[in-house]
Amino acid sequence: MREIFAGMPWWVKWIAVPVIAIFVFGGLIASVVGFVIGLLFKLLIFVVLVGGLIFVVRKFMSSSSSRGDW
């Protein structure tokens with residue numbers, strides 16, 4: 001493979017080949033990137049919801065125990 005690219009100009013290696021790869025595999029790359037971003041977004045939502053639940057439960061537990069001291 002190196003012998004094939006050795007005689008080629010620099011623009012073939014650094015411009016033409018990546019453009020062709022993006023053209024051929026662009027849909028696959030976009031779907032993988034979209035899947036990863038969606039997964040990270042869902043993970044962020046999960047962390048926020050669990051954190052909010054823990055905050056609410058701790059707040060409720062501390063307020064109910066302080067009312068019992070009366």
Following the transitive rule for hydrophobic clusters with a side-chain heavy-atom cut-off under 4.5 Å over Ile, Leu, Val, Met, Phe, Trp and Tyr, establish whether Met8 and Val17 coincide in one cluster.
-> yes

Same cluster (ILVMFWY, side-chain, under 4.5 Å), Phe5 and Trp11 | yes

Mind checking what makes side-chain contact (heavy atoms from CB on, under 4.5 Å) contact with Ile29, not counting sequence neighbours?
-> Phe25, Val33

Cluster membership besides Ile45, Ile/Leu/Val/Met/Phe/Trp/Tyr side chains within less than 4.5 angstrom, sorted by chain and number, is Phe41, Leu49

All side-chain contact (heavy atoms from CB on, under 4.5 Å) counterparts of Trp10, not counting sequence neighbours | Trp14, Ile15

Can you name the residues that form a side-chain contact (heavy atoms from CB on, under 4.5 Å) with Pro18, not counting sequence neighbours?
-> none

Taking side-chain contact (heavy atoms from CB on, under 4.5 Å) as the test, write out the residues that go with Val47, two or more places apart.
-> none

